[in-house]
Each structure stands twice: as C-alpha cells, then as structure tokens.
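Chain identifiers are assigned alphabetically (A, B, ...) following the order of the sequence lines, protein sequences preceding nucleic acid strands; residue numbering begins at 1 within each chain.
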Amino acid sequence: MTDNYNHKSIERQIQKKWHEEKRYISQKDNREKYYCLSMFPYPSGKLHMGHVRNYTIGDVISRYKRMKNFNVFQPMGWDAFGLPAENAAIANKINPREWTNKNIENMKTQLQSLGFSYDWSKELRTCDSSYYRWEQLIFKKFYDAGLVYRKKSLVNWDPIDKTVLANEQVIDGKGWRSGAKIEIKEIDQWFIKITEYADELLSSLEDLDWPENVKLMQKNWIGKSFGAEIEYKIIGQKKSLVTFTTRPDTIFGVSFLAISPNHSLAIGLAKKNKKIASFLEKCKETKAAEADVAKGEKLGIDTKIEVIHPLTGKTLPVWIGNFVLLNYGTGVVMAVPGHDERDYKFAKKYNLNIKPVIENDNNKFPNVEKGILINSGKFNGMTSEEASQEIIKELIKLKSGKELIQFRLRDWGISRQRYWGCPIPVIYESEVPKVLNEIDMPIELPKLKANSLPVPLSQNEEFVNIAKDMQRESDTFDTFMDSSWYYARFTSADNDKQIFDENTKYWLPVDLYIGGIEHAILHLLYSRFFHKALRDIGMVDGDEPFKKLLTQGMVLKDGAKMSKSKGNTVDPQQFIDKYGADTVRLYMMFTSPPEQSLEWSESSVEGASRFLKRIWNLVSKRKNIKLEEKLNFTKDQLELRRKSHSTLKKVENDYESRFSFNTAIAAIMELINFIPEKYKENNASNEQKFCLNEAISFSLKMLFPIAPHICEYLWEKFNDSENSSIESSWPLFDMSIIEVKEFELIIQVNGKVRGKVFIEKNMKEDEIKEISIGVENVQKSIGANTIKKVIFVKDKLINFVI
RNA sequence: GGGGAUGUGGUGGAACUGGUAGACACGCUUGGCUUAGAACCAAGUGCCGAAAGGCGUGGGGGUUCGACUCCCUCCAUCCCUACCA
C-alpha cells in the first residue's frame with residue numbers, strides 16, 4: 001500500500017515553501033489587478049467557524065484568480081479597538097492592549113496554519129497609532145469640509161457604574177454588570193453628516209454588483225420618502241408643532257398629535273406637571289435601541305395642550321407617545337387612526353377619535369391602502385395621489401406646510417465614552433472645541449498604569465487636563481470609523497509618510513469584498529459614505545469602495561447562531577489539528593453555498609477527509625508520463641475525456657460567476673468516481689493512461705484553490721518537477737471533446753415522465769414524435785386517448801397532452 | 001414594530017433560463033476483508049405499496065401542457081434595527 005496521507009507534514013512543508021518564496025507578496029505589474037478582501041476580524045481570541053468560512057471563500061477566489069493570471073492582492077489585518085477588550089480587561093485584569101496583541105498573535109498563527117495566501121507585508125491593526133493617526137487626520141479633513149458637528153443625543157446611562165452602556169450591555173432595562181435600572185440621558189456628541197450623501201448613497205447603489213437583498217436593505221435603511229411638512233399652531237402659544245407625513249391625503253383624518261417623550265415640549269411640561277414628569281421617567285427605562293422601543297407596549301399621556309388643524313380649524317389634542325422617535329423626522333407624529341396601524345391601536349387604547357377619510361375595496365380599520373377621499377371637504381372624490389398634491393398646494397397657500405423629501409437615514413454619531421478606542425483629536429479651550437491640526441497628531445491613547453483597569457478617558461485627569469481652561473476631548477471614535485477606510489489603507493499600510501500613495505490608486509477599488517450578511521447595512525453603508533467623502537476631499541479616486549460583494553451566511557449549530565452565551569460554539573482549531581487545513585477548507589466549501597447559512601456537522605468533516613485520502617491514494621504513487629506516439633481513443637476513453645473537459649467547464653463557471661463551490665467540488669468528486677478501475681492498473685494502455693492522467697491533472701488544478709497544500713504537493717510528485725507550478729495556469733477545456741451527438745430525450749404524458757430514450761441531436765420533430773409514441777410505457781399511458789397537443793423542447797423533451 | 005432572507009429524504013445540500021426532483025456527500029442497511037474493531041471495497045437507500053402504480057420540495061389556494069422555480073395567502077426559523085463587531 002502507498003504511504004498514508006500525512007496532512008501535518010505536507011501542510012508544514014508547503015507553507016514553508018510559500019513563505020520562503022514570498023509567493024503571496026503582491027506588487028504592481030502589467031497584469032490585470034484583482035483586489036480580493038475579506039472583512040478583517042475583531043481579535044476576540046481565536047478564530048471561530050464564521051471566520052474560517054469567510055476567509056476560505058476569499059482564499060479560494062484569490063487562488064483561482066491567480067491561476068487565471070490576475071495580479072491578486074489579498075491583505076489581512078485587525079479591527080482591534082472595541083468593547084470586548086475592555087470587558088476582558090475588567091474580567092481577567094489584563095491590559096486591553098496586551099490582551100488584544102496576544103489574541104492577534106494567536107489568530108494570526110491560526111490563519112497561517114489554514115494556508116491562506118495573504119500578503120502579510122501589509123498587515124495593519126487599528127489600535128496602533130500608525131493606523132489611527134490617519135483616522136484623526138481624516139476627521140480633521142472632514143471637519144474642514146463641514147461634515148462634522150456637535151449635537152446632543154441620547155445614550156443608555158448606568159447610574160451606579162456611572163458609564164454609558166452599549167445596547168447589548170442593557171439586559172431587560174438593566175445594566176449588565178451593576179444591575180441598575182438604566183436611564184436614557186442626553187449628552188453632547190460628535191456627528192458626521194452622512195445625510196449629506198443620502199441621495200448619492202441611494203442612487204449609486206444601482207451600479208453596484210452587489211446582492212439584490214443587500215442593496216434593498218440599504219435602500220430601505222436610507223428610506224427616501226416624499227411627503228409634506230405640516231405645521232400645527234399651539235393654542236395659547238406663539239409656538240407650533242411641525243410634523244412630517246408621507247400621507248398628506250389623510251390630513252382630514254388626523255385626530256391627535258403625538259410627540260416624543262424626549263421632545264423639548266414634553267420636557268418643558270414635565271417641569272410643571274408631576275404626572276407628565278413620572279410618565280417621562282417611565283419612558284427613560286426603555287433602552288435606546290429601536291427594536292426595544294418598537295416592541296414595547298405603546299404608552300401615552302395627554303398633555304392637555306391643543307393645536308389647531310390647519311385645514312379644518314378644529315382643535316386637536318397633543319399626546320406624548322413612547323413610540324415616537326425624537327431622531328426621526330421632527331419628533332412629532334400626526335396620528336391618523338383610521339389609516340395607520342399603530343395610530344389605530346393607540347387611539348383604541350386611549351379612546352381617541354377615529355375618522356375614515358379614504359375609501360377603497362378594503363373597508364375595515366385601519367385601512368392603510370390608498371383610495372378615494374371622503375370626509376375631506378373640498379378634496380372629496382379625489383384619488384390619494386391627486387389629493388396629496390392639492391392638499392400640499394393648499395397648505396403652502398395657507399403658509400402651514402410645504403412639500404418635503406425626508407430620509408430615514410440619520411447623521412452618524414461617532415462619540416463613544418470609552419477607553420479602548422481612537423482618541424478624538426479635539427481640545428476645549430474654555431469649553432470651545434477646537435479640532436487639532438495634523439502636526440499635533442497623533443493624539444496617542446494614554447497607556448494604562450500597571451494593575452489598573454480601563455475606565456472611560458474622561459476619568460483620566462492626566463490625559464484630559466492640559467492646562468487651566470484647556471481640556472482634551474475624552475470621547476473615542478465609534479469603532480465603525482476604524483473599519484470604514486481600512487480597505488484603502490491596506491494598499492499603503494507600509495507607508496508611514498502618507499496616508500495613501502500610488503499603490504492606492506493601483507489597487508482600488510476592492511474588486512471583491514467578502515463578509516457576513518450581518519454587516520449588510522451599517523459597516524457597508526459607513527464605508528461607502530467614507531469613500532465618497534474621501535473622494536470629495538481628493539484623497540481617493542472612484543465613487544465606490546467595493547465593486548462586487550459576496551455576503552456569506554451564518555454558521556449555525558442546532559439551528560442557532562454559534563455564540564458563547566448559547567454555549568453551542570465549536571472551535572475550528574481541534575479540526576485543523578485532527579484533519580488538517582485542507583480538509584477543513586474542503587468541508588467548509590462543500591457543505592453549503594456561501595450565501596446560505598451553514599449547519600455545522602462533524603460527520604461531514606469525515607467525508608471531506610475521506611475524499612482527500614482517495615485523491616492521495618489515486619495520485620501519490622503515479623507519474624504523469626509524456627506520451628510521444630499518436631493516440632487513438634476508444635468510445636469509453638473518450639467518455640472519460642469528455643467528463644474531464646465538461647467538469648472543467650462546469651467548475652470554471654461555478655468558481656467564476658456563481659461562487660458555487662459546493663457544486664464545483666461535487667463535480668470533481670463525480671469525475672474521480674467516473675474513472676474506470678482498469679485505467680489505474682499498471683498494464684493499462686497508453687490511451688487509458690493518458691485519459692487517466694488528464695483527469696488527474698485537471699482535478700488537482702481544479703481542487704487547488706480549495707485544498708492547496710495536498711494539490712501542490714501531489715502536483716509536484718506527479719509531474720516530477722518543481723518548475724511547473726500548479727499555480728501558473730488554469731487549464732483550458734476543449735469544446736470539441738465536450739460536444740456530443742446524442743442526448744437523452746424525456747418523454748412525458750400530461751407532464752409526467754413516462755419514458756426516456758437516447759436519440760441523435762437535430763432530429764426532426766416528426767421523427768422524434770414517432771419514436772416517442774413507439775416507446776412501450778408511453779403507448780400504455782396514452783392508451784385509447786387522442787393526443788390533443790404536443791409540446792416539444794429541442795434537445796430536451798416531448799410532452800403529449802391527452 | 002419595521003426591513004431583509006430561508007424552508008426540498010433520517011442529515012448537509014443539488015436541480016443555474018418554468019422542462020427528468022433528490023446530483024454530490026453524510027448516515028443507515030446488507031455483503032466482502034478482519035481474531036475483533038477501525039479503515040477500505042461492493043450493492044442498496046424519498047415515502048406508501050407484494051406489485052402495478054400512487055404520493056412527494058413548510059401549510060393552503062392560483063397561473064401553466066408542465067411549478068422547488070411565477071402569483072396570492074398563512075406558518076416557522078434566522079439576520080439587521082443606528083453604542084456588539
């Protein structure tokens with residue numbers, strides 16, 4: 001028997017060779033470039049299955065593209081700032097930087113053991129000042145461009161720990177560590193005007209080669225809506241309340257206004273009214289996350305304030321509603337219970353007036369469809385569309401409103417009250433903020449003193465207090481800032497003189513970006529915004545950062561996302577140790593297509609391992625002999641050649657345009673299964689050997705992107721030469737070998753398969769009909785019935801309708 | 001609450017453009033090899049049925065000669081929801 005497949009020594013040997021050859025360090029050259037980027041990881045400690053899957057996909061495509069003679073750039077780095085480092089520091093009394101660096105070291109070893117072809121010479125980590133100094137510069141440039149401003153906004157406040165909590169740190173309305181009931185608090189924060197780019201972020205989605213569902217999610221998130229801004233005068237005051245609505249046609253159905261509990265009017269009232277004050281207190285207990293606000297019980301309180309309806313002149317009550325979001329629209333909702341689901345429920349609960357003003361086929365409350373206006377004075381009888389236009393005209397005439405385009409997208413709050421993040425380069429002189437100049441950068445994150453735990457920078461007096469009446473900004477950037485431009489910095493990561501350079505121009509945009517579907521909105525939208533803003537200040541070219549996007553699904557176990565809290569994680573390392581990188585990579589690619597979620601199953605790993613062993617046993621003791629004499633193939637031999645070439649064609653298509661690795665692997669398995677036993681024997685004919693060797697060569701090449709170590713090792717032994725690199729070229733298939741004269745005709749009766757028969761292509765329909773009817777089983781099915789109709793699909797099927 | 005997906009044998013999945021449902025694997029069953037096991041090899045394996053045949057892609061309805069694929073509706077699960085990354 002042959003030597004056993006020893007993945008450990010093979011993988012070590014091949015990886016050493018790659019490293020010594022510096023094979024995956026990329027440089028500009030004349031070939032077409034291909035920048036293949038996988039989302040960089042947060043260094044949480046060790047790789048999880050999602051990482052392994054993500055990075056295998058990226059590596060398979062990178063390796064395939066290299067074989068297709070593209071100049072591939074595939075870098076890797078670390079999204080190294082963030083909350084978990086602070087948590088770990090507090091839990092284990094480890095310095096966040098040490099913790100992070102240790103994790104990076106470990107995860108890098110893991111990535112290398114998986115044989116990913118990264119250009120490590122461009123490695124970066126966002127927690128190094130060599131990275132974030134440039135982020136501080138970008139902030140300054142954005143500030144100079146008028147994209148940065150300060151505004152009050154809401155945070156989750158833990159009154160015991162005296163810290164701001166992230167949404168995930170609030171559990172059932174309580175701080176996760178202190179257990180204190182959280183409070184919603186308003187504080188000053190830095191914002192970036194992403195809304196200035198709302199229209200472009202929406203319109204340029206169209207040209208992106210991205211999955212339709214991601215584009216749709218972004219479109220809905222940006223949420224451009226056409227409607228009207230309507231003003232309601234407050235009785236007895238000079239002020240008025242302004243609302244935005246997408247349905248001005250329903251204005252005669254307004255029965256009350258609802259304002260946000262955080263609206264200045266509500267806060268003002270609470271000062272004089274105890275009931276309102278206690279209602280607002282109650283509202284503060286719901287955490288700031290939109291999902292929690294929306295899912296919570298709808299509560300309201302009558303303010304006893306009244307406004308005047310601009311068209312009817314009637315008075316309407318003003319309520320405070322906990323479902324009204326301050327940061328969407330104006331923080332005031334005009335409630336039309338007859339034609340809005342939420343308003344209807346609220347009106348029912350608090351016994352408020354419900355008045356139908358739209359009529360259509362669907363006559364039950366609430367009727368949210370458009371229709372014909374009723375109970376709307378002179379607008380009665382108009383369609384919703386007509387009425388909307390006319391009502392806006394009327395409001396403009398009365399100076400009580402205007403047409404307005406509104407975006408759901410809000411400006412990006414980038415301040416975080418934490419330690420482990422990039423310091424915001426601002427100082428306050430007598431409380432007036434001043435953004436620092438490049439010469440004063442970087443503002444280094446202060447090191448923690450030995451044995452001290454991370455606390456928000458605001459509590460670090462040494463850092464904050466520069467002089468009397470001069471303080472440093474103590475907030476850090478949202479970590480989404482760090483990840484919004486790293487794709488560009490990779491191209492110049494080794495340049496400490498400039499943020500970007502001529503390599504940036506060469507490599508951008510990213511040709512393929514691969515990452516989890518969970519980033520479909522935030523990260524991808526922020527990065528798109530950054531690119532456009534960087535473009536407008538002249539730092540990068542092009543309108544979009546990521547030309548093509550591949551979103552991979554979750555890795556699940558027992559139907560649930562693998563997570564520490566559920567205790568259903570599976571550590572990939574044990575499988576790398578036991579089966580080797582090639583098997584783990586093969587398993588990951590074989591078990592489900594990239595965009596779908598993947599259900600982890602250990603027994604399938606066995607299957608992947610078995611297949612590689614079969615390849616090993618087939619190839620390891622065989623040599624590819626050059627045959628000089630002319631070969632004459634039999635029909636059976638040509639069948640194998642046809643299988644080899646058609647498999648190659650299929651695999652190429654699966655890699656290139658479908659990213660369908662599981663079917664590519666299945667096809668290679670089919671080809672291996674298809675090889676007749678006698679071709680493998682020593683006394684096989686030259687023709688048989690040729691066909692076998694062709695199948696082996698193709699298989700090794702086709703499998704190389706997925707299982708590179710074993711394929712490269714076997715390729716070299718098989719070809720007895722180290723000069724012919726497996727990576728040098730992708731083979732060509734021969735169409736003349738693939739094409740066949742015969743095909744299997746499917747014969748149906750009333751759409752059901754009743755027979756199959758092999759016939760020559762290009763036969764006349766009449767002939768085919770005759771042959772088909774002649775088939776015994778078909779004859780039986782037709783019986784005495786007359787054939788009413790014949791459906792004929794060329795080279796495929798014939799269907800008799802009786 | 002809103003937005004986006006997914007649902008096919010015992011399991012992961014295939015069917016790419018409306019045209020053979022279940023490719024390729026895992027598992028299982030039987031046999032071979034073996035002192036035994038592992039590994040490996042061979043055959044079988046959607047469900048019901050003795051067979052003929054019928055049924056079958058989350059449930060219900062529709063379009064079509066023909067539907068996993070298109071339309072309507074209901075259900076279940078997952079992701080995102082702006083401070084997890």
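A:Gly82 and A:Tyr42 get closest at one heavy-atom pair: O-OH, 3.8 Å. Contact record, A:Met107 with A:Gly45: CG-O, 3.5 Å, taken as the closest heavy-atom pair. The heavy-atom pair separating A:Arg408 from A:Trp221 by the smallest distance is NH2-CE3, 2.8 Å.
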Below 3.5 Å between N/O atoms, which protein atoms pair up with nucleotides 65-71 of chain B? Just atom names and distances, please.
residue, atom, partner, partner atom, Å
B:C65, O2, A:Asn799, ND2, 2.4

Is there any protein nitrogen or oxygen under 3.5 Å from a nitrogen or oxygen in nucleotides 22-31 of chain B, and what are the pairs?
residue, atom, partner, partner atom, Å
B:A23, O2', A:Glu670, OE2, 3.2
B:A25, OP1, A:Asn673, ND2, 2.6
B:C26, OP1, A:Arg610, NH1, 2.8
B:C26, O2', A:Ser603, OG, 2.7

Could you run down the sub-3.5 Å N/O contacts of the protein with nucleotides 4-10 of chain B?
none

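Between A:Tyr587 and A:Phe575, the gap from one ring centroid to the other reaches at least 6.0 Å. Between A:Trp412 and A:Tyr526, the gap from one ring centroid to the other is short of 6.0 Å. Taking the six-membered ring wherever Trp is involved, the centroid distance between the rings of A:Trp485 and A:Tyr131 falls below 6.0 Å. Note: A:Tyr486 and A:Phe40 meet the aromatic proximity criterion, with ring centroids under 6.0 Å apart.
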Base-pair map of RNA chain B as dot-bracket, where | denotes pairing with a different strand and pairs are Watson-Crick or G-U under 3.5 Å: (((((((..(((......[....)))((((((.......))))))(((....)))..(((((..]....))))))))))))....
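Residue contacts for A:Ser415: at a heavy-atom cut-off of 4.0 Å it reaches a base atom on one of the strands shown. Using a 4.0 Å heavy-atom distance criterion, A:Phe323 is classed as making no nucleic acid contact. Within 4.0 Å of A:Lys796, counting heavy atoms only, lie sugar-phosphate atoms of the nucleic acid but no base atom. At the heavy-atom level, A:Lys752 lies under 4.0 Å from the strands shown only through sugar-phosphate atoms. A:His523 comes within 4.0 angstrom of no nucleic acid atom, judged by non-hydrogen atoms across all strands. Among the atoms of the strands shown, base atoms are found under 4.0 Å from some heavy atom of A:Ala291. Heavy atoms of A:Arg754 sit under 4.0 angstrom from primed sugar atoms or phosphate atoms, though from no base atom. A:Pro593 comes within contact range of the sugar-phosphate backbone alone, with a heavy-atom separation under 4.0 Å but no base atom that close. Within 4.0 Å of A:Trp221, counting heavy atoms only, lies at least one base atom of the nucleic acid. Nucleic acid contact class of A:Val164 (heavy atoms, under 4.0 Å, all strands): base.
If you take atom P in B:C84 and the same atom in B:C72, they sit 36 Å apart, rounded to whole Å. Annotation: B:U29 and B:A38 have their P atoms spaced 11 Å apart (nearest Å). Taking the P atom of each, B:G7 and B:G12 are spaced 12 Å apart, rounded to whole Å. Taking atom P on both B:G56 and B:A67, the two are 11 Å apart, rounded to the nearest angstrom. Taking atom C1' on both nucleotides, B:A52 is separated from B:A14 by 30 Å, rounded to a whole Å. Rounded to whole Å, the C1' atom of B:C47 lies 9 Å from the corresponding atom of B:G9. Distance noted for atom P between B:A23 and B:G10: 14 Å (whole Å). A distance of about 48 Å separates the P atoms of B:U77 and B:G32, rounded to the whole Å.
Of the charged side-chain nitrogens involved, at least one lies within less than 4.0 Å of a carboxylate oxygen, so that A:Lys215 and A:Glu212 count as a salt-bridged pair. One finds a salt bridge joining A:Glu297 and A:Lys349 here, because a Lys/Arg side-chain nitrogen approaches an Asp/Glu carboxylate oxygen to under 4.0 Å. Between A:Arg150 and A:Glu473, at least one side-chain nitrogen of the basic residue sits less than 4.0 Å from a carboxylate oxygen of the acidic one, meeting the salt-bridge criterion. Salt-bridge annotation for A:Glu681 and A:Lys678: absent, with no side-chain N of the basic residue lying under 4.0 Å from a carboxylate O of the acidic one. Taking a cutoff of 4.0 Å between a charged side-chain nitrogen and a carboxylate oxygen, A:Lys794 and A:Glu765 do not qualify as a salt bridge.
Take the nearest nucleotide of RNA chain B for A:Val753 and for A:Lys780: the residue whose nucleotide is more 5' is A:Val753.
If you check distances only, the side chain of A:Glu290 does reach the base of B:G1 with a donor-acceptor pair under 3.5 Å. With hydrogens and angles ignored, a donor-acceptor pair under 3.5 angstrom links the side chain of A:Gln189 to the base of B:C83. With hydrogens and angles ignored, a donor-acceptor pair closer than 3.5 Å exists between the side chain of A:Gln417 and the base of B:C83.
For the pair A:Trp420 CH2 and B:A85 P, the computed distance is 13 Å after rounding to whole Å. For the pair A:Tyr486 OH and B:A85 C1', the computed distance is 12 Å after rounding to whole Å. A:Ile222 has its CD1 atom 21 Å from the P atom of B:G2, to the nearest Å. A:Lys287 places its NZ atom 13 Å from the C1' atom of B:A82, with the value rounded to the nearest Å. One interatomic measurement links the two molecules: CG of A:Leu598 to C1' of B:U77, which rounds to 16 Å at whole-angstrom precision. Note: CG (A:Asn777) to C1' (B:A52) measures 11 Å, nearest angstrom.
When distances are taken from the side chain of A:Ile746 to each of B:C83, B:U20, B:G19, the shortest belongs to B:U20. Side-chain atoms of A:Leu83 lie closest to B:C84 of the nucleotides B:C84, B:G19, B:G1.
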Evaluate the criterion side-chain hydrogen bond (donor to acceptor under 3.5 Å, both in side chains) for residue pair A:Tyr149 and A:Asp411; output intermediate values, then yes/no. CA-CA 10 Å; A:Tyr149 67 102; A:Asp411 275 339; 2.7 Å; yes
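Classification of B:G9 as syn follows from a glycosidic angle within 90° of 0.
Side-chain N/O atoms of A:Arg418 and A:Ser458 include no donor and acceptor closer than 3.5 Å. Checked by atom type, the side-chain pair A:Tyr579/A:Glu606 shows a donor-acceptor distance below 3.5 Å. A donor-acceptor contact closer than 3.5 angstrom links the side chains of A:Ser153 and A:Gln189. In this structure, a donor-acceptor pair under 3.5 Å is absent between the side chains of A:Asn799 and A:Arg754. Checked by atom type, the side-chain pair A:Asp158/A:Thr163 shows no donor-acceptor distance below 3.5 Å.
Looking at residues 649-661 of chain A, you'll see A:Lys650, A:Asn653, A:Arg658 sit with a heavy atom under 4.0 Å from some atom of RNA chain B.
By the side-chain hydrogen bond (donor to acceptor under 3.5 Å, both in side chains) test, A:Arg528 pairs with A:Ser204, A:Gln218, A:Glu544, sequence neighbours left out.
Ring geometry for A:Phe659 versus A:Phe661: interplanar angle of 30 to 60°, hence tilted.
For B:C83, the OP1/OP2 oxygens have a side-chain nitrogen or oxygen of A:Arg416 closer than 4.0 Å.
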